[in-house]
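Below you'll find the structure, written out as structure tokens, and then a few comments.
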Amino acid sequence: MTVHNLYIFDRNGVCLHYSEWHRKKQAGIPKEEEYKLMYGMLFSIRSFVSKMSPLDMKDGFLAFQTSRYKLHYYETPTGIKVVMNTDLGVGPIRDVLHHIYSALYVELVVKNPLCPLGQTVQSELFRSRLDSYVRSLPFFSARAG
Amino acid sequence: MAIFSVYVVNKAGGLIYQLDSYAPRAEAEKTFSYPLDLLLKLHDERVLVAFGQRDGIRVGHAVLAINGVDVNGKYMADGKEVLEYLGNPANYPVSIRFGRPRLTSNEKLMLASMFHSLFAIGSQLSPEQGSSGIEMLETDTFKLHCFQTLTGIKFVVLADPRQAGIDSLLRKIYEIYSDFALKNPFYSLEMPIRACTLFTPPSWTLGPSWCGCFGAGRMQLCWPYISFQLPRMLCSNCSA
């Protein structure tokens with residue numbers, strides 16, 4: 001069980017943060033395009049799900065999985081999207097993504113008067129705290145395989 | 001209903017078969033007096049609630065009926081426009097029914113193609129080697145399961161999030177598709193499954209009954225909820 005990578009987007013599609021831990025295959029396109037493709041895919045999935053749903057939704061799209069990985073999604077009412085790709089064995093981690101937003105992003109970036117919002121986060125403190133938090137998760141194993 | 005709908009998508013992304021089970025959607029009917037305290041807007045040929053959520057009427061709900069008579073998109077049954085009718089104080093008090101709008105067949109076609117593309121992007125953005133496309137998409141009200149065959153046909157099932165056994169259901173639908181659509185000499189590949197009377201809508205009963213009769217007999221395909229037993233052979237026509 002492991003975490004592959006993590007994206008944080010804001011409501012305009014700007015990728016605020018990206019980090020990876022165990023990623024074996026790159027997308028084959030430049031990073032900027034990959035962020036845009038990921039954001040576009042999530043935007044389309046959200047609209048797809050809201051049309052398809054037979055009942056009124058409360059939380060909306062939560063996760064999807066393929067044969068090799070699972071993508072977990074968490075969106076705040078302000079449009080901040082936290083996306084984490086993990087192994088298949090990981091269950092619902094909405095509370096983990098919520099913690100990343102509330103205890104890390106809000107505390108270290110939003111409340112920091114020197115961090116401009118709406119751009120990629122440069123804060124080294126945020127990066128290192130996020131990294132140590134993800135490494136401390138129970139489903140993160142440090143194996144290279 | 002545990003299973004909400006089934007979609008079959010061909011390898012170009014076009015919808016070739018679609019089936020809905022009539023799950024009762026949440027609807028609310030209320031009597032209003034002038035002025036209306038909801039904000040209505042016209043969107044996609046429908047009249048939707050834009051603001052003013054209350055009492056079971058949510059934002060995004062469409063006007064389904066006025067005074068008991070179903071509306072047709074943005075027009076009422078007698079041809080008048082809904083927004084014009086509701087803007088006239090002389091027509092009040094009026095009873096309006098709101099609910100989640102049903103998808104039109106055009107919208108289903110577009111959604112099927114959209115899913116086809118999302119499936120491919122899911123595979124491209126994979127952080128692991130050799131990933132397939134989206135096999136299961138989870139939301140809080142439904143789970144979407146997709147099975148892609150080696151020839152590129154996708155079978156998509158929308159079901160309740162707690163429903164189990166969808167994988168075997170998808171394999172079963174594939175089996176039925178190959179038996180009744182592919183082995184039909186009059187069926188053209190990748191075309192909508194329409195002329196095949198043997199791939200007709202199922203009746204939602206518990207016991208499976210399925211006839212392999214290729215004559216004029218119509219097949220009844222039923223979805224067993226609990227177990228997938230082998231169907232008994234019975235046909236109204238040939239009584240096989």
Side-chain angles (χ1 to χ4, degrees), chain A residues 2-7 18-29 33-73 75 83-88 91-92 94 145, chain B residues 1 3-5 7 20-26 44 53 56-61 99-104 107-108 110-115 117-146 148 156 158-161:
Chain A
T2 184
V3 176
H4 298 299
N5 50 10
L6 175 83
Y7 301 77
Y18 170 74
S19 33
E20 63 183 38
W21 291 273
H22 294 126
R23 183 172 185 172
K24 284 176 214 104
K25 170 185 161 286
Q26 298 298 328
I29 49 179
E33 289 186 24
E34 184 192 319
Y35 300 150
K36 284 190 223 167
L37 187 61
M38 174 63 83
Y39 184 81
M41 178 181 75
L42 293 169
F43 188 86
S44 307
I45 289 182
R46 270 184 47 227
S47 113
F48 172 80
V49 156
S50 72
K51 285 228 155 112
M52 279 286 222
S53 174
L55 306 163
D56 292 317
M57 297 198 307
K58 198 168 66 73
D59 295 325
F61 167 54
L62 298 172
F64 76 68
Q65 76 182 47
T66 75
S67 61
R68 289 294 156 97
Y69 76 98
K70 188 165 181 184
L71 182 143
H72 304 263
Y73 178 80
E75 185 180 358
V83 181
M84 185 184 271
N85 289 336
T86 68
D87 222 353
L88 286 178
R94 210 169 154 74
Chain B
M1 284 294 170
I3 295 169
F4 299 126
S5 40
Y7 293 75
D20 276 328
S21 91
Y22 292 95
R25 289 163 161 235
D44 271 352
Q53 185 162 303
I57 302 171
R58 307 265 309 259
V59 169
H61 277 196
R100 265 191 86 76
R102 282 198 188 282
L103 293 171
T104 63
E107 284 177 335
K108 288 177 190 165
M110 287 195 293
L111 289 172
S113 308
M114 196 190 277
F115 181 72
S117 316
L118 294 171
F119 184 94
I121 298 176
S123 146
Q124 187 186 359
L125 286 174
S126 164
E128 286 251 28
Q129 290 281 10
S131 169
S132 73
I134 298 176
E135 288 188 342
M136 198 269 289
L137 192 142
E138 199 175 332
T139 74
D140 54 349
T141 49
F142 70 94
K143 246 190 201 173
L144 181 148
H145 301 255
C146 176
Q148 182 178 44
V156 175
L158 265 77
D160 194 80

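Hydrogens, waters and symmetry mates play no part in the numbers below; they use all other heavy atoms, side chains included.
To the nearest 0.5 Å, the span separating CD1 on B:Ile57 from CG on A:Asp56 amounts to 11.5 Å. Remark: A:Asp59 CG to B:Glu138 CD distance equals 11.0 Å, nearest 0.5 Å. Annotation: the span from B:Ser126 atom OG to A:Arg23 atom CZ amounts to 8.0 Å, rounded to 0.5 Å. One distance of note links CE of A:Met38 with CD of B:Gln124; it measures 10.5 Å at 0.5 Å rounding.
Applying the ring-ring contact (aromatic ring centres under 6.0 Å, His included) rule to A:Phe48 yields the partners B:Phe115; only residues at least two apart in sequence or on another chain are considered. Remark: B:Lys108 engages B:Asp20 in a salt bridge (charged side-chain N to carboxylate O under 4.0 Å, His left out) (not counting sequence neighbours).
Interface remark: of the candidates B:Leu118, B:Leu137, B:Asp140, B:Leu103, B:Asp140 forms the most heavy-atom pairs closer than 4.5 Å to chain A. Counting heavy-atom pairs closer than 4.5 Å to chain B, the top-ranked of the candidates A:Met52, A:Glu20, A:Lys58 is A:Met52. Comparing B:Gly130, B:Ser117, B:Gly60 by heavy-atom pairs within less than 4.5 Å of chain A, the highest count is held by B:Gly130.
With a 4.5 angstrom heavy-atom cutoff, B:Leu111 touches chain A via backbone and side-chain atoms both. Heavy-atom distances place the side chain of B:Leu158, and not its backbone, under 4.5 Å from chain A. Neither the backbone nor the side chain of B:Ser5 has a heavy atom closer than 4.5 Å to any heavy atom of chain A. For chain A, the nearby parts of B:Met136 are the backbone and the side chain; heavy atoms of each come within less than 4.5 Å. Heavy atoms closer than 4.5 Å to chain B are found in the side chain of A:Ser47, but not in its backbone. The part of A:Asn85 that comes within reach of chain B is its side chain, from C-beta onward, which places non-hydrogen atoms under 4.5 angstrom from that chain.
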Which is it for B:Phe142 and A:Val49 under the side-chain contact (heavy atoms from CB on, under 4.5 Å) test, yes or no, and what are the steps along the way? CA-CA 9 Å; B:Phe142 70 94; A:Val49 156; 4.2 Å; yes

Using side-chain contact (heavy atoms from CB on, under 4.5 Å), reason through B:Glu128 and A:Thr66 one step at a time and then give a plain yes or no. CA-CA 10 Å; B:Glu128 286 251 28; A:Thr66 75; over 6 Å; no

The test is side-chain contact (heavy atoms from CB on, under 4.5 Å); show your working for B:Leu125 and A:Leu71 and say whether it passes. CA-CA 10 Å; B:Leu125 286 174; A:Leu71 182 143; over 6 Å; no

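Minimum interatomic distance between A:Leu62 and B:Thr139 (heavy atoms only, all atoms of both residues): CD1-C, 3.7 Å. When every heavy atom of A:Ser67 is checked against every heavy atom of B:Ser132, the shortest pair comes out as OG-N, 3.0 Å. When all heavy atoms of A:Lys51 and B:Asp44 are compared, the closest pair comes out as NZ-OD2, 4.1 Å. When every heavy atom of B:Ser131 is checked against every heavy atom of A:Arg68, the shortest pair comes out as CA-CG, 3.6 Å.
Remark: of the listed residues A:Val3, A:Asp87, A:Asn5, A:Asn5 is the sole one forming a side chain to side chain contact (heavy atoms under 4.5 Å, CB included) with B:Pro127.
By the 4.5 Å heavy-atom criterion applied to side chains, A:Pro54 and B:Arg100 are not counted as neighbours.
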